[in-house]
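Notes follow once the structure below has been shown.
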Amino acid sequence: MSFPLLTATAVLPAIGAIATAAVPAARRTTAKWLALLFSLATLVLAGIALARFEPGGARYQLTESHAWIKDFGVRYELGVDGIGLALMALTALLIPFVILAGWHDADPLETKSSRWRPTQGFFALILMVEAMVILSFEATDVFLFYILFEAMLIPMYFLIGGFGDRAHTGSDENAAAQRSYAAVKFLLYNLVGGLIMLAAVIGLYVVAGTFSLSEIAEARASGSLSMATSTERWLFLGFFFAFAVKAPLWPLHTWLPNAMGEATSPVAVLITAVVDKVGTFAMLRFCLQLFPEASKWATPVIVVLALISIVYGALLAVGQRDIKRLIAYASISHFGFIILGIFAMTSQGQSGATLYMVNHGISTAALMLVAGFLITRRGSRLIADYGGVQKVAPVLAGTFLIGSLATLSLPGLAPFVSEFLVLVGTFSAYPAAGIIATTGIVLAALYVLVLYQRTMTGPVKAEVQGMADLKVRELVVVLPLIALLLFLGVYPKPLTEIVNPAVQHTMSDVQKKDPQPEVEAAK
């Protein structure tokens, strides 16, 4: 039996979570280094998976399949296509930076609430989230995916509610109440979505008699599986609703600004750059593959919702006074672009959407982590409390600028390629939708440049006068992310070679071909 590489990539951070949690309370530094070591080892395994993957090979590679719950036809089945592999690698890449950025976020405070900040628990929960997210990108059994989809909510709930942002402007009691509200809202929204999905998962089993993606695909190809139109549409809606909550898509998005605002900056990165990608990934893997006709039926409505997300998120970002909530609303706008690209049903749109998932993860991580370093120094999330930072901390301001420019998809930085492909793919299928989506680009330039101007330029405020520049640990976090943004911005080929074959399989699932340009005959 070959080495179970996919299982090892997911199990290793889970083992690291247990080992980190078991470190004695007084040895906090040991727990931090242990968590970092396990995250780096996981990154190595993800790199090996990338090296062993053959872009022109089988759709799902590095597969594993074992009987699990035989009476219900549930199997432990894993496999990655180019899309799942890219997102698995993104997750493994970001977690070490999340751990380094949050190095002191869970250190005990000299207050009565210090008991709620066990360092070991903080890093163990991060590793547990990593394990579940990676396994969800690998799962090819619908029931196994559902379990992971729901289980990852538990560690995220405690990371949001138990380890909130210390730069809160109110009293300790008010801060605790806000964290609790954000954590409960996150949990309830996603639990409701998950329960609706559970009903759809059961319905799928009743119709197909299996949870295996490969078996369902074979049954469809042979003609032995056929779904009534109404059945397929109801099942699609059950799956899509859960994924739209996770994504998050308007109007199911309202939990995200609360969660990102109240969480620490590294946990906010974990939410929007890692966990939320499970929702958009699942739209490609499950909605389009399992319910192709229903996906095409729902496309017009989903395109409209994605456009609302793009414009609405960007408009609210423009009016924000809180740095972290501004980034949260910007992410809602970006997720609108991702979903628009998926349901444009063109190869350019879906390739762009997949690249957007990866590039948004990197750019948001860079911007949010630098913003976290800034907020930690000043002790405030309010934009009005800053001014003139570039004069006292030029490296911090410079990295903040690059992260901000990546957020507005400046040419030469990685998100530009993604956004361009999404818009090209959308224009070719839905010209009006493509025109409306471009307003998100204009609004992005507005909220990003206004944010930079108000925080980094102008007279130096008294509270900012003694602000320290980025330290070595913080540079180790930020510089590799910026280097990736630059590299993928000018040379995205390594990603597109992995992703494009998987996109072609998805296009084949929904039996769609790219629209041909209309060319008038020469007179």
Side-chain angles (χ1 to χ4, degrees), residues 240-241 243-245 247-254 256-257 272 276 279-280 283-284 287-288 295-320 326-357 359-360 363-364 404-411 413 415-451 503 507 510 512 514-518:
F240 181 80
F241 182 85
F243 303 152
V245 172
L249 178 68
W250 183 92
L252 306 171
H253 67 284
T254 59
L256 182 66
T272 191
D276 286 356
T280 47
M283 291 178 188
L284 281 166
C287 286
L288 271 60
S295 297
K296 290 185 284 189
W297 162 76
T299 289
V301 174
I302 296 173
V303 166
V304 171
L305 294 178
L307 290 174
I308 294 174
S309 287
I310 292 170
V311 178
Y312 174 82
L315 283 172
L316 288 185
V318 171
Q320 289 303 306
L326 185 152
I327 298 172
Y329 280 109
S331 289
I332 292 169
S333 182
H334 295 151
F335 274 103
F337 276 106
I338 294 171
I339 296 169
L340 181 64
I342 292 172
F343 284 91
M345 300 288 186
T346 60
S347 58
Q348 299 97 329
Q350 292 189 356
S351 293
T354 304
L355 292 179
Y356 216 133
M357 289 187 239
N359 294 331
H360 170 264
S363 62
T364 300
S404 301
L405 295 177
T407 298
L408 65 80
S409 300
L410 183 77
L413 297 174
F416 169 76
V417 180
S418 317
E419 202 163 275
F420 177 77
L421 285 173
V422 167
L423 289 173
V424 167
T426 303
F427 269 118
S428 63
Y430 303 99
I435 293 171
I436 296 171
T438 56
T439 61
I441 302 175
V442 178
L443 292 171
L446 180 60
Y447 63 69
V448 163
L449 296 178
V450 168
L451 171 65
V503 168
M507 292 287 290
V510 294
K512 294 284 287 186
D514 291 329
Q516 296 299 315
E518 297 181 5

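Numbers here simply count residues along the sequence, with the first being 1. Since the structure is predicted, the reported quantities are computational estimates derived from the model, not experimental observations.
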Keeping the roles fixed (side chain from Thr439, backbone from Ile435), state whether a donor-acceptor pair exists under 3.5 Å.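 Between the backbone of Ile435 and the side chain of Thr439 there is no qualifying donor-acceptor contact (under 3.5 Å).
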I'd like to know if the side chain of Ser351 reaches the main chain of Gln348, judged simply by a donor and an acceptor atom lying under 3.5 Å from each other, with no hydrogens or angles considered.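 No, because the side chain of Ser351 does not come within donor-acceptor range (under 3.5 Å) of the backbone of Gln348.
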Spacing of [X] atom [atom1] and [Y] atom [atom2] [to the nearest 0.5 Å]:
X	Y	atom1	atom2	result
Thr280	Phe337	OG1	CZ	15.0 Å
Met507	Leu288	CE	CG	9.5 Å
Ile327	Ser404	CD1	OG	7.5 Å
Gln350	Ile338	CD	CD1	13.0 Å
Asn359	Thr364	CG	OG1	10.0 Å
Ser333	Ile441	OG	CD1	9.5 Å

Minimum heavy-atom distance [X]-[Y], with the two atoms named:
X	Y	answer
Leu423	Ala437	CD2-CB, 3.7 Å
Leu284	Met357	CD1-CE, 3.7 Å
Ser295	Thr299	O-OG1, 2.7 Å
Val422	Gly349	CG2-O, 4.0 Å
Phe243	Gly279	CB-O, 3.5 Å
Ala328	Pro257	CB-CA, 3.8 Å

Please tell me if the side chains of [X] and [Y] come closer than 4.5 Å, counting only heavy atoms from C-beta onward.
X	Y	result
Leu252	Phe241	yes
Thr407	His334	yes
Ile302	Ile339	yes
Leu408	Tyr447	no
Tyr356	Ile342	no
Ile332	Tyr329	yes
Phe343	Met283	yes
Pro248	Asp276	yes

Name every donor-acceptor pair, under 3.5 Å, that has one atom in a side chain of residues 304-316 and the other anywhere in the protein, sequence neighbours excluded.
from: Ser309; atom 1: OG; to: Trp250; atom 2: N; distance (Å): 2.8
from: Ser309; atom 1: OG; to: Leu305; atom 2: O; distance (Å): 3.3

Counterpart residues, side-chain hydrogen bond (donor to acceptor under 3.5 Å, both in side chains), relative to Ser331 (two or more places apart):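 Ser331 satisfies side-chain hydrogen bond (donor to acceptor under 3.5 Å, both in side chains) with Thr272, His360 once adjacent residues are dropped.
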